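Worksheet for the structure shown next.
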Amino acid sequence: MGACLEPTPAMAPWYNVEIRRESAYLTATTYIDAWYTMRYHGEGELTDEHRAAAWHLLDDHTLLAPGTPEALTAALRQITGHGAYQEWLTGGSHTGGAGAELRDGRLVVTLPNSLWYGEEGAAEISHVEIGYEDVAPVLADLTSLAAR
């Protein structure tokens, strides 16, 4: 387990960040809170709104991200501001291929150096383990999108 960071207001209610040595977990907060409440407390059910707040796999390296570009930007900036990411920059592998774009008004990210995880029996993805190689290119694309 790494360092669980306090979500900033700009990230809420979409993301929580856990920093690790060479990656960070981006948790789909709204979705996972509803899933755990349903699964472990037997309360409520997953709604279309909850499912829309999860990550969704589009192909081998491309996901539909929950929330807004601004929320993901805030989460990635939290990662880049952490000492573990700064330390990784000095000696990490800096392969390419990551990016972000809007498709039909939805945020789509390509993460060739990342992994993702869903909860047992769920089609949705609750956690993306974003490889640090993917952070800067996605953040650059999000910054470009915001400037438009």
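When a residue number appears, it is its place in the shown sequence, counting from 1. Quick caveat: nothing in here was measured; it's all calculated off a predicted structure.
Without hydrogens or angle criteria, Y15 side chain to L26 main chain gives no donor-acceptor distance under 3.5 Å. For T110 (side chain) and A98 (main-chain N/O), no donor-acceptor pair under 3.5 Å exists by modelled atom type. Counting only distance, with no hydrogens or angles, the side chain of H82 and the backbone of A84 share a donor-acceptor pair below 3.5 Å. Judged by distance alone, with hydrogens and angles left aside, the side-chain atoms of D134 form a donor-acceptor pair with the main-chain N or O of N113 at under 3.5 Å.
Checked by atom type, the side-chain pair E43/T37 shows no donor-acceptor distance below 3.5 Å. Side-chain polar atoms of T62 and D59 form a donor-acceptor pair below 3.5 angstrom. Side-chain polar atoms of E119 and S126 form a donor-acceptor pair below 3.5 angstrom.
Hydrophobic cluster of L58: the remaining members, joined at side-chain heavy-atom separations below 4.5 Å, are L64, V108, listed by chain and number.
Crowding of E45 atom CD: a count of heavy atoms from other residues, nucleotides or ligands under 6.0 Å not exceeding 12. For CD of E101, the number of neighbouring non-hydrogen atoms (other residues, nucleotides, ligands) closer than 6.0 Å is greater than 12.
For R51, the salt bridge (Lys or Arg N to Asp or Glu O under 4.0 Å) partners at least two apart in sequence or on another chain are E124.
Salt-bridge formation is detected for the pair E120/R39: a Lys NZ or Arg NE/NH1/NH2 atom is positioned less than 4.0 Å from an Asp or Glu carboxylate oxygen.
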Exercise. Given the rule in the side-chain contact (heavy atoms from CB on, under 4.5 Å) test, do Y117 and E129 qualify, once you have shown the distances and angles that lead to the verdict?
Worked result: CA-CA 8 Å; Y117 311 97; E129 182 181 357; 2.6 Å; yes

Exercise. What's the verdict on side-chain contact (heavy atoms from CB on, under 4.5 Å) for R20 and Y25, showing C-alpha distance, side-chain angles and the deciding distance?
Worked result: CA-CA 8 Å; R20 301 172 75 76; Y25 283 96; 3.0 Å; yes

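Considering only heavy atoms from C-beta on, V109 comes within 4.5 Å of L72 through its side chain.
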